[in-house]
There are 2 protein chains.
Amino acid sequence: MAKSIYDVAQETGLSVSTVSRALNGYSDVSAKTRARVAEAAERLGYVPNTSAKNLSSKNKKNVALLICGLLEEAQSNEFMMNVIQGAYSYMMKHEINLAMYSIGKEEQEKKDFDTFCREYSLSGAVIMGLRITDPLVKTLPHSNMPCVSIDIQLDGTCTSAVMTDDRKAFEQITQYVIDRGHRKLILVYGRKKSDVSIRRQQGYLDALKKNGIDPKSCKIIYTDFMEQKAYEGTKKMLMEYKREAGTAFVCMSDLTAIGVLRAVQELGYESPEDFSITGYDGNYFMKYIDPFITRINQNMWQKGYDAAKLLMKMVNDEKYSRIHMTKYFLEDGKSVKQL
Amino acid sequence: MAKSIYDVAQETGLSVSTVSRALNGYSDVSAKTRARVAEAAERLGYVPNTSAKNLSSKNKKNVALLICGLLEEAQSNEFMMNVIQGAYSYMMKHEINLAMYSIGKEEQEKKDFDTFCREYSLSGAVIMGLRITDPLVKTLPHSNMPCVSIDIQLDGTCTSAVMTDDRKAFEQITQYVIDRGHRKLILVYGRKKSDVSIRRQQGYLDALKKNGIDPKSCKIIYTDFMEQKAYEGTKKMLMEYKREAGTAFVCMSDLTAIGVLRAVQELGYESPEDFSITGYDGNYFMKYIDPFITRINQNMWQKGYDAAKLLMKMVNDEKYSRIHMTKYFLEDGKSVKQL
DNA sequence: GTGAAAGCGCTAACAT
DNA sequence: ATGTTAGCGCTTTCAC
């Protein structure tokens, strides 16, 4: 049967409050009592009721991971899972229980972040999958609950963000390509007005500039971060310009890199022999693609980990707002030829 | 500020209990009152506190998705994510809130399923990622809380399972290969003692038997469901037997199919020209592999959906125990040659 | 059809 | 160092 704290009190002959204090590690409990309580609780198989705890306590420390757009976009699954694993790794290490909730657009419209936290007795949350167009983005700045968003920057006094320094990262990979003798590049762009695309392009331009390459001499293919558009764009470009198109495709995502590769191969070329290709993201399955495509790995796992860490800092120490850049890394592959 | 049911009562001039009944759709509330309460609640931005609800109510209907082994085995991520999405799809459609919790081995040892449910005020859960060696497997049969496990069959009066009919599925894909003229097959086995491997092999043998093929004339490569072992095994076999090894590799997973393909190609052969290959699972990224490998798609999304549906049936209607076989399907690819 | 009041299991003053 | 007591926000008898 269900054992409550009352049963433990009975068993030990102590009062409920003493048992509570003993169980929660308060200092004003004698070692002997603490041990006795622990023993009895263990023996009885007592487990505290989370709801009751939440209800009575003001400084609850429940935290959650909110997933927006869970049911949309199948291709971002791997990202989400990596973030989830990273976040859990931190929380488990620190013995913090992390709940996960999916929150759709309709739900976001009905309640703001504070309300959501109140509903689930949360003292803060990591939010992932949030898009700039989501209703939550509007209410979050006025929130009073600690919140860490992944890959999106929000206003607010206690809303932090964990992101990638896309500009620097993209400059680095562009420089990597240039270092190998390429000067006629083809930028495979992401979604046209997306923030990350713009930041990555800036990095791209930074690299060109530093190396005295005229951006006008380099072509651009616009995509939606996915494979198909990159495939079509590349095919069209190569059919028109052949080798004159450039020597290296610098892509804003791993998926577009795959699209480029497929187009290149279908037209009878080889990579990296005829065209070099670089990716961006860190999708796991890319290791099954031959050649392994050199890329920036955004390190989503680490983002989850960093976000969890940051959240706990905000929950425990102080409410503050900051932007954290997670370390990315360049993965060396076989897809860039030394000219 | 945080609005409680008390505020709504004040606002409407009604009592707390009436408001509660109105909000929860009880029949003994006049339509007028109900509307008045709804309006006030909406206007005040009232959101019920989940913890308080759980604490006071006996027939709570919280359900959760428990994830075992979340931090292990990176390759099963995609499966998990698909199950998650499927389960959420059902729950959202029926406006049921689904929480997710990760539960590691240590936690499983500390508390049994019933205790876990009590701790989180759950009235049932879907469990995924559970291995036959996990501590939970021992305690689950004695549980009194509805539980649906994915891909693993448990004893118990209210523990159901959602699985794939591996035997039939594997027979089907084997038959598919045989139908295209192959009679000298190579079975690429999964983990040696795993249940699913055994079931799939049975299906394989069923097909051989029905077609009068002597199993002894067909070779086997043992793996761990992953790429590397399949790659090595295939390479060794092809170097020794060349084309005499067989004409088609029938694999127990998509990843092993990739390993086989890589070995085949590295030795200067082509698929499906020289060797046919089939997969099993339904990993999304396989669509980036050329040729697209014909396979059984386990339909993990559907498993999640079915599990959620089954759980709600168990929670609402009656406690019972059953095994549900989710529909799989054969995905036609380009990797099997007509001989 | 509605209200009063007793809890659900726990924490947190406040006493002692 | 331990006990007493008053809630946390809600549901649910039981009256009326």
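Per chain, numbering begins at 1; letters A, B, ... match sequence-line order.
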_Side-chain N or O of Ser20(B) versus OP1/OP2 of dT12(D): is the shortest distance under 4.0 Å?_
no

*Touch check for Asn54(B), heavy atoms < 4.0 angstrom, all strands: base, sugar-phosphate only, or nothing?*
nothing

*Side chain of Arg118(B), base of dG9(C): donor and acceptor closer than 3.5 Å?*
no

*asked:* My understanding is that only one of Thr50(B), Asn97(B), Asn49(B) makes a side chain to side chain donor-acceptor pair (under 3.5 Å) with Tyr120(A); could you say which?
replied: Asn97(B)

*Return the value, rounded to whole Å, for the distance between atom OH of Tyr6(B) and atom P of dG3(C).*
13 Å

*Less than 4.0 Å between a side-chain N and a carboxylate O, is that true for Lys111(A) and Glu107(A)?*
yes

*Does a donor on one side chain and an acceptor on the other come within less than 3.5 Å for Ser51(B) and Asn54(B)?*
no

*Is the distance from OP1 or OP2 of dT11(D) to the nearest side-chain N or O of Lys53(B) less than 4.0 Å?*
yes

*Contact class for Thr33(A) vs. all strands (heavy atom < 4.0 Å): base, sugar-phosphate, or nothing?*
sugar-phosphate

_Interatomic distance where CG belongs to Asn24(B) and P belongs to dG9(D) [whole Å]_ = 17 Å

*Enumerate the residue pairs fulfilling side chain to side chain donor-acceptor pair (under 3.5 Å) with a member in residues 144-163 of chain A, sequence neighbours excluded, ordered by first and then second residue.*
Asp151(A)-Lys303(A)

_Measure CG/Leu55(A) against P/dA12(C) and give the value in whole Å, please._
12 Å

_Pairwise 5' ranking along DNA chain D for Thr18(B) and Ser51(B), keeping only the more 5' one_ = Ser51(B)

*For Leu122(A) and dC8(D), what is the distance between atoms CG and P respectively, to the nearest whole Å?*
21 Å

_Measuring to OP1 and OP2 of dC10(D), would you say a side-chain N or O of Ser56(B) lies under 4.0 angstrom away?_
no

*asked:* On DNA chain D, compare the nucleotides closest to Tyr46(B) and Arg21(A); which residue's is nearer the 5' end?
replied: Arg21(A)

*Using atom OH of Tyr26(A) as one end and atom P of dC10(C) as the other, report the distance to the nearest whole Å.*
14 Å

_Euclidean distance, atom CG of residue Asn49(A) to atom C1' of dG9(C) [Å, nearest integer]_ = 6 Å

*asked:* Using whole Å, what does the distance between atom P of nucleotide dA13(C) and atom CG of Asp28(A) come to?
replied: 12 Å

*When you measure from the side chain of Ser57(A), which nucleotide among dC10(C), dT11(C), dG1(C) comes out closest?*
dT11(C)

*With Ser143(A), which residues qualify under side-chain hydrogen bond (donor to acceptor under 3.5 Å, both in side chains), at least two apart?*
Asp114(A)

*Presence of Ser4(B) side-chain N/O under 4.0 Å of dG9(D) phosphate oxygens OP1/OP2*: no

*Does Ser17(B) make a side-chain donor-acceptor contact with the base of dA4(C), cut-off 3.5 Å?*
yes

*Specify the separation, in whole Å, of atom CD1 of Ile5(A) and atom P of dG3(D).*
12 Å

*Please confirm whether any donor atom in the side chain of Arg34(B) sits under 3.5 Å from an acceptor in the base of dG1(C), or the reverse.*
no

